[in-house]
Amino acid sequence: MKDTLIALLGQTVEKLQADNHIPADLQPDIQITNTKDASHGDLATNLAMMLAKPAGKNPREMATLIIDNLPANDLVEKVDIAGPGFINFFIKSGSTLSVVKNILDQAENFGLSELGKGKKIQVEFVSANPTGPLHVGHGRGAAYGATVADLYEAVGYEVHREYYVNDAGRQMDILGTSIWLRYLEKCGIDFEFPVNGYKGDYIYDIATEIETEYEDKFVFTHEELMNGIPADEPHGGDKELHIDALISRAKELLGKASYRIIFDSGLNSIIGDIRDDLKHFGIEYQDWYSERTLEDRNLVSKAIERLQTAGHIYEKDGALWFRSTDFGDEKDRVVKRDNGQTTYFASDIAYHMEKIERGYDIVIDVWGADHHGYVPRVRAALQALGDDADKLKVLLVQFANLFRGGEKVQMSTRSGSFVTLRELREEVGNDAARFFYVMRKCEQHLDFDLDLAKSQSNDNPVYYIQYAHARVCSVLRQLKEKNLTHDTNNGQSNLPLLTEPHEISLVKKLNQYTSTLESAAIKAEPHLMVHYLRELASELHTYYNAHQFIVDDKNIRDARLNLIIACRQIIANGLKLLGVSAPEAM
RNA sequence: GCGCCUGUAGCUCAGAUGGAUAGAGUGUUGCCCUCCGAAGGCAAAGGUCACAGGUUCGACUCCUGUCAGGCGCGCCA
């Protein structure tokens with residue numbers, strides 16, 4: 001509809017230019033907006049106000065001129081000039097009613113579009129270090145990333161969901177060593193657990209599994225373990241040096257193969273747990289991409305070489321630096337340390353280089369907002385490699401704070417006292433969790449009210465929307481109980497009987513679904529869908545209270561039932577995109 | 001100190017590329033079930049859009065500055 005009007009106005013502009021009413025070189029960007037107020041018609045344009053100045057006319061005069069030169073169209077009922085010079089379009093109601101038929105015909109496919117047809121997009125999200133279970137902070141990235149991916153898919157993009165597994169690096173060594181130390185404890189070796197080690201209960205579980213399978217195969221004496229290890233923090237030492245020494249000791253005593261066994265049992269156990277957690281949260285990936293395979297394929301050194309060839313690498317203090325300041329970063333970054341080890345950043349350059357090489361049109365990274373300082377350097381690297389850095393879109397998700405009984409719930413990862421995503425899901429349910437996580441724009445801090453999410457009352461927006469869906473189902477059950485039937489075709493031909501203000505307004509709302517979905521997808525803003533669904537549910541509840549659907553007049557009854565079934569379909573479609581169920585009864 | 005995000009009703013938040021009288025929910029107050037589920041609806045009240053300038057026909061929106069809150073600034077990952 002909007003496109004039709006834009007085309008009509010485009011013709012008008014050309015005509016006015018031909019008649020020398022407005023400068024011929026002007027190329028106005030014609031904008032059509034939905035009106036907020038019904039008295040302003042259905043759609044409006046500010047074109048007259050934009051053209052007024054270059055044409056040397058006042059806006060209302062300009063508007064008259066535009067309307068006089070507007071080609072006729074049988075969808076347009078009436079055109080008005082209002083306010084400072086808006087042109088309001090009133091659309092014939094028959095043409096807007098067709099949405100009801102379309103929804104019933106296309107059912108769960110209604111609203112899908114081909115906007116992104118032929119375009120490939122990759123969405124990488126969560127990608128939490130596999131050093132422990134996901135916590136509630138990861139949950140937001142998970143829900144947000146998954147919804148953004150689903151929205152893109154709904155508007156026709158080919159979407160590849162990916163989890164980047166950081167299965168290399170120091171954090172993972174700390175994990176492997178922590179597991180080994182807990183195992184040693186279980187086997188009766190006496191020592192003090194490092195302050196920097198991972199202390200969660202899951203570490204004990206993994207240690208127990210290893211003990212069950214390998215018994216005392218990895219046991220060493222206290223002396224072998226601790227001899228020459230620098231003191232830990234509580235004893236006046238440095239906790240980083242202490243843990244690093246323990247890692248080296250673990251590798252040395254266990255040997256490569258045994259160390260790998262312990263390391264991998266930790267990795268596999270935790271990744272398996274994360275995978276299971278996300279699956280139950282309604283999230284599945286096309287790929288779990290291993291950081292280790294980057295090294296196995298020499299991609300990290302290849303990336304550094306490419307940068308070197310392009311002249312963006314220099315040596316200082318025995319390390320290799322990437323001159324990222326040439327591309328807007330605030331300081332240069334080390335890619336290879338003086339000890340010969342490549343940095344995490346180097347892996348990330350390789351990873352992003354490889355992503356671009358895979359041929360995606362858009363590469364989306366969903367990161368926690370605490371990583372925002374990292375964006376310029378990754379972008380710089382892509383530019384330096386000569387890749388199209390504009391393909392990379394980084395979406396930063398702010399933190400989520402949990403509230404219980406009005407109090408902020410404290411969380412800390414290392415101490416092991418954090419609230420896990422799994423606990424949250426069990427407490428409030430998947431529906432409420434998915435919904436609450438995407439209720440706000442991603443750059444907005446999220447206050448997650450546990451009591452509200454759990455409450456089965458009108459306060460809770462999830463229930464409010466789900467109830468609207470269940471209510472329509474309930475009406476249809478009533479119909480059956482009264483031994484009445486619903487004739488969809490009869491309803492279709494009697495749609496023009498829907499002339500009540502509530503009905504017209506509802507039809508208008510249904511007509512906005514497709515554009516809402518498209519804009520939610522393109523802007524990566526799932527909250528737009530949340531707001532839309534709430535408004536639709538609200539109008540449906542209002543309609544329900546104002547009018548009886550199961551009336552004696554068969555024609556009106558069938559038409560009304562068609563309308564509310566269409567609403568139910570849209571609610572179901574929208575909720576599905578958010579990963580929320582649409583129950584038939586509650 | 002520098003950088004990113006945020007500041008809109010008592011509270012939690014919407015306000016696309018600048019547009020008409022700044023909107024919801026919640027809370028407060030008052031109504032509505034002999035009627036398809038009251039997990040609902042209707043109505044009232046509630047605002048210096050953090051502050052100060054600027055840009056223009058027009059600014060919550062764009063620019064500059066100030067203030068406040070969050071986060072980030074390692075040869076960690």
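Values below: all heavy atoms of this structure, side chains included; hydrogens, waters and symmetry mates excluded. Throughout, a chain's letter reflects where its sequence line sits, starting with A, and its residues are numbered from 1.
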For B:C35, the Watson-Crick or wobble counterpart (both distances under 3.5 Å): none
Could you work out which one of B:C36, B:A39, B:G40 sits closest to the side chain of A:Met586? B:A39
I want to check one thing: is the phosphate of B:G37, taken as OP1 and OP2, less than 4.0 Å away from some side-chain N or O of A:Gln478? yes
Under 4.0 Å between a side-chain N or O of A:Tyr164 and OP1 or OP2 of B:A77? no
Taking only the side-chain heavy atoms of A:Asp317 (C-beta and beyond), determine which of B:G41, B:C4, B:C75 contains the nearest atom. B:C75
Just compare B:G40, B:C36, B:C76 and give me whichever is closest to any side-chain atom of A:Phe549. B:C36
Can you confirm if the aromatic rings of A:Tyr437 and A:Tyr144 lie within a centre distance of less than 6.0 Å? no
From the candidates B:A14, B:G37, B:A77, the one with an atom nearest any side-chain atom of A:Arg337 is B:A77
Is the phosphate of B:C76, meaning OP1 or OP2, less than 4.0 Å from a side-chain N or O of A:Thr343? no
Tell me the partner of B:G10, counting only Watson-Crick (N1-N3 plus N6-O4 or O6-N4) or G-U wobble (N1-O2 and O6-N3) with both under 3.5 Å; none if nothing fits. B:U26
A:His527 side chain N/O closer than 4.0 Å to the phosphate oxygens (OP1, OP2) of B:G15? yes
Re B:U66: Watson-Crick or G-U wobble partner, both distances kept under 3.5 Å, found to be B:A50
hbond_proxy A:Asn545 side chain to B:G40 base (donor-acceptor, 3.5 Å cutoff): yes
Nearest to the A:Glu443 side chain among B:C5, B:C4, B:G37, which nucleotide is it? B:C5
Between B:G23 and B:C33, how many Å separate the two C1' atoms, rounded to a whole number? 30 Å
Roughly, in whole Å, what's the span from CG in A:Asp552 to C1' in B:C35? 13 Å
Ring centroid separation A:Phe322 to A:Tyr314 under 6.0 Å: no
At less than 4.0 Å, is any side-chain N or O atom of A:Lys316 found next to OP1 or OP2 of B:C75? Yes or no. no
For atom CZ of A:Arg333 and atom C1' of B:G72, their distance in whole Å: 11 Å
Starting from the 5' end of RNA chain B, give me the residue, A:Val475 or A:Asp338, whose nearest nucleotide shows up first. A:Val475
Picking from B:C75, B:G15, B:G37, the nucleotide nearest the side-chain atoms of A:Leu528 would be B:G15
Taking only side-chain nitrogens and oxygens of A:Gln444, does any of them come within less than 4.0 Å of OP1 or OP2 of B:A14? yes
Could you check whether the rings of A:His371 and A:Trp367 sit parallel, tilted or perpendicular, using 30° and 60° as the cut-offs? tilted
Which of these nucleotides, B:C36, B:A77, B:U12, is closest to any side-chain atom of A:Gln171? B:A77
OP1 or OP2 of B:A38 under 4.0 Å from side-chain N/O of A:Arg471: yes
Look at A:Arg557 together with A:Asp552 and state whether they make a salt bridge at an N to O cut-off of under 4.0 Å. no
Judged by modelled atom types alone, do A:Glu539 and A:Ser505 share a side-chain donor-acceptor pair under 3.5 Å? yes
Rounded to whole Å, the CD-P distance (A:Glu535 to B:G23) equals 13 Å
Specify the residue among A:Arg440 and A:Lys336 whose closest nucleotide of RNA chain B lies further upstream toward the 5′ end. A:Arg440
